[in-house]
There are 2 protein chains.
Amino acid sequence: MNKNKDVAGEEQSGALMADVARLAGVAISTVSRALANPGRVNEKTRAKINAAARQLGYTPNAMARGLRVGKSNIIMIILPGSLYYGVSQIIPQVLQSINKSLIQGGYNLMIANLDRDELSERHILDLAFGGSVRGVIILSSKLPEVDGRSLANSGLPIVSMLLDMSDAGLLSVVTNDREAVRDVTAELIRLGHRRFFYIAGPEGNYHDVERYGGVIEALEAAGLSEERVRRSGGHLDYQHGFDIGVQAADDFATLRERPTAVIATSDDMAISFVSRIQRAGLSIPGDLSVVSFDGSPVCEFSSPPLSTIEQPVEEMGRAAVDLLLDALGQTQNPTARTVIPSRFILRESIAAPKN
Amino acid sequence: MNKNKDVAGEEQSGALMADVARLAGVAISTVSRALANPGRVNEKTRAKINAAARQLGYTPNAMARGLRVGKSNIIMIILPGSLYYGVSQIIPQVLQSINKSLIQGGYNLMIANLDRDELSERHILDLAFGGSVRGVIILSSKLPEVDGRSLANSGLPIVSMLLDMSDAGLLSVVTNDREAVRDVTAELIRLGHRRFFYIAGPEGNYHDVERYGGVIEALEAAGLSEERVRRSGGHLDYQHGFDIGVQAADDFATLRERPTAVIATSDDMAISFVSRIQRAGLSIPGDLSVVSFDGSPVCEFSSPPLSTIEQPVEEMGRAAVDLLLDALGQTQNPTARTVIPSRFILRESIAAPKN
DNA sequence: TTGTAGGCGTTATCAC
DNA sequence: GTGATAACGCCTACAA
């Protein structure tokens with residue numbers, strides 16, 4: 001049945017199941033069984049079939065199979081359109097980790113970008129409703145929704161990673177943003193710090209809300225007023241982390257009573273902030289302690305090495321896949337929210353305040 | 001024909017073309033045409049059909065279409081198993097850029113990781129030979145090949161990005177690694193540097209060969225011996241860029257006649273090298289000039305800000321997609337090798353040698 | 001244990 | 001311009 005010509009120069013990819021069947025001298029359905037349910041077929045015929053398949057270099061057609069069984073084996077990961085540097089650094093790890101886990105389950109990973117435009121939303125919805133995709137991992141807070149169709153009621157299992165969207169009914173894998181920042185802030189307070197400077201991500205963003213919330217909680221727990229912390233930033237997108245840090249350094253310079261400890265929402269903000277602040281003549285941690293969030297490897301090699309809260313991205317990736325695969329298997333909903341604890345990495349950017 | 005029950009709690013995704021046809025009061029084939037060849041159908045019926053489709057939230061089934069037309073609309077990007085930090089940083093940009101271009105052409109992007117194990121090779125080949133994939137962009141120097149099947153003769157168009165594989169018959173999009181490093185080295189020579197230190201990636205790797213080659217060429221052009229440059233590294237994978245830099249700093253310390261200029265194969269090597277070298281009491285660029293390759297944004301905020309050769313990744317991504325899309329359209333092979341020039345970013349890490 | 005037959009949702013080739 | 005109808009490659013009752 002292979003319609004490919006033997007003519008030289010002709011495409012020659014694509015032995016069919018029928019070709020294997022003929023070569024092995026059995027029926028097509030037997031081949032199908034031998035490949036899928038090796039148990040339900042005679043040992044000898046199976047051997048013949050395997051031999052024939054190998055000889056022909058047979059590879060099953062995924063689309064035909066998918067059409068027939070009504071399922072694809074593709075998982076879609078939705079990345080936010082604006083990747084900020086901090087996350088940008090970890091995205092490859094996330095993808096690697098997720099992809100590796102998926103492959104072992106027999107799945108493939110497709111990428112989708114969720115920009116703010118309708119085109120990308122429509123595109124994602126086409127994928128979801130067009131049967132191309134079996135499940136979704138989403139790293140964005142917005143669920144695509146265009147004229148009636150919404151990802152939420154696509155019938156696909158969806159796992160949110162990094163952002164807690166369990167309120168919206170999505171399985172979520174997150175780290176303990178709030179708690180981690182709270183603990184770090186508490187530690188700074190313990191060291192004697194009383195005036196704080198917070199470098200913010202975009203106002204209202206989940207990470208910003210959680211992490212800033214952690215700062216406030218720590219202040220409250222220590223009986224300190226919220227006034228103790230100055231915010232900078234909040235208008236720029238995470239994508240511009242370095243710019244935010246630069247801007248924050250300018251803001252910092254204008255303050256009369258200078259804070260002694262800085263908490264940044266992401267590593268890149270801290271990195272550019274530190275760079276500018278040092279250039280302005282301040283020393284870290286002598287004049288100023290700095291800590292940030294993400295755990296970028298580069299922090300170790302800053303001067304001074306930067307303390308940071310490391311996101312357990314690989315574990316989160318694995319957890320997200322596990323959750324998704326579970327959801328694909330059963331109809332029951334497992335735990336809606338999985339928290340993977342972060343790890344605080346203490347480096348030289350933190351010290352007790354001078355005065 | 002929609003077999004989905006209206007029962008509450010039942011999955012309800014998936015209006016079929018037949019459903020649209022019935023609602024519009026036309027034949028199924030007419031719907032197909034109206035959606036694909038809007039020109040070849042009456043204006044009024046087309047309107048009816050579109051209305052019906054929208055009302056039902058109809059989305060064509062991609063697998064059915066793919067099976068029928070014998071083509072998928074998925075492009076596979078093969079990432080090297082070990083992403084080194086420098087490239088790791090640019091991967092998200094690359095993916096974004098590539099994905100955006102692809103979507104406009106109606107394609108989707110699937111990710112594959114090429115590790116050194118047979119499993120991942122087999123997986124990629126299954127994708128390629130199973131009709132799941134229409135074309136390939138590869139960022140790895142190794143073409144998957146397992147028992148007879150090789151990606152090279154899958155019949156799929158392949159574009160190599162970052163690495164020049166035009167020798168292997170692949171369309172390649174690269175930057176001018178050799179030339180860029182040659183020019184930078186020449187500039188260092190012009191400044192008066194005569195002793196060089198080169199921090200290498202894995203021995204034999206394309207980037208290492210090209211970039212080191214650039215150093216040598218510059219030396220030759222200036223009538224200087226190859227002995228002028230000391231190599232460090234070469235055994236560790238790019239993945240361990242930071243470690244390589246750390247190791248290089250140790251190596252550097254053991255040299256009797258100290259080089260005055262350092263050229264690193266990637267930014268991360270330079271970053272960790274600088275960190276350690278400064279800790280050892282040397283100053284940059286006072287005692288030592290440093291330049292590296294990649295153009296990571298973070299280099300701007302190192303102390304001192306690092307000079308680097310920036311890879312034009314977005315342009316390369318676009319070029320790769322263009323090439324691939326061309327190859328999908330025609331059978332003729334366009335230019336085998338596209339070079340997108342890099343951009344040298346001069347920062348404070350470079351100066352004339354002291355003595 | 002194996003073979004026969006029908007269909008998954010779409011497109012393309014025919015007639016009309 | 002529109003409507004039947006036959007594939008596309010595979011899986012899965014069901015029959016043998």
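Values in this document were obtained by computation on a predicted structure and should not be read as measured data. Convention: sequence-line order gives letters A, B, ...; per-chain numbering from 1.
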Walking DNA chain D from its 5' end, the first of B:Val69 and B:Ser29 to be reached, judged by nearest nucleotide, is B:Ser29
Taken to the nearest whole Å, NZ/B:Lys48 to C1'/D:dT2 is 11 Å
Here the distance between atom C1' of C:dG3 and atom CE of A:Met17, to the nearest Å, is 15 Å
Picking from C:dT2, C:dG9, D:dT2, the nucleotide nearest the side-chain atoms of B:Val41 would be D:dT2
For a quick check, tell me whether the side chain of B:Arg68 and the base of D:dG9 share a donor-acceptor pair closer than 3.5 Å. no
Q. Take atom NZ in A:Lys71; do more than 12 heavy atoms of anything else shown fall under 6.0 Å from it?
A. no
Does the salt bridge (Lys or Arg N to Asp or Glu O under 4.0 Å) test come out yes or no for B:Lys142 and B:Glu121, once each step is laid out?
CA-CA 10 Å; B:Lys142 179 171 190 301; B:Glu121 299 204 34; 2.7 Å; yes
Any A:Ser32 side-chain N or O less than 4.0 Å from OP1/OP2 of D:dC11:
yes
Between CG of B:Asp19 and P of C:dT10 the distance, given in whole Å, is 9 Å
Check your understanding: Is there a donor in the side chain of B:Arg318 and an acceptor in the side chain of B:Ser97, or the other way round, less than 3.5 Å apart?
Key -> no
Between CZ of A:Arg22 and P of D:dG9 the distance, given in whole Å, is 13 Å
ask   = Within a strict 4.5 Å, meaning less than it, do heavy atoms of the B:His123 and A:Ile103 side chains meet?
value = yes
From CZ of B:Arg40 across to C1' of C:dC14 the rounded distance in Å is 13 Å
Between the side chains of A:Asp164 and A:Arg337, is the shortest nitrogen-to-carboxylate-oxygen separation below 4.0 Å, so that they form an ion pair? yes
Of D:dC11, D:dT2, C:dG3, the nucleotide closest to the side chain of A:Ala27 is C:dG3
Which of C:dT10, C:dT2, D:dC10 is nearest the side chain of A:Leu16? It is D:dC10
Rounded to whole Å, the CE-P distance (B:Met63 to C:dT11) equals 14 Å
Contacts of B:Ala64 and B:Val26 projected onto DNA chain D by closest heavy atom; the upstream (5') one is B:Val26
Whichever of A:Asn42 and A:Leu67 has the more 5' nearest nucleotide on DNA chain C, that residue is A:Asn42
Looking only at D:dT2, D:dC10, D:dT5, the nucleotide nearest the B:Ile28 side chain is D:dT5
* Asked: Quick one: is B:Tyr58 getting a side-chain N or O under 4.0 Å of the C:dT10 phosphate, OP1 or OP2?
  -> yes
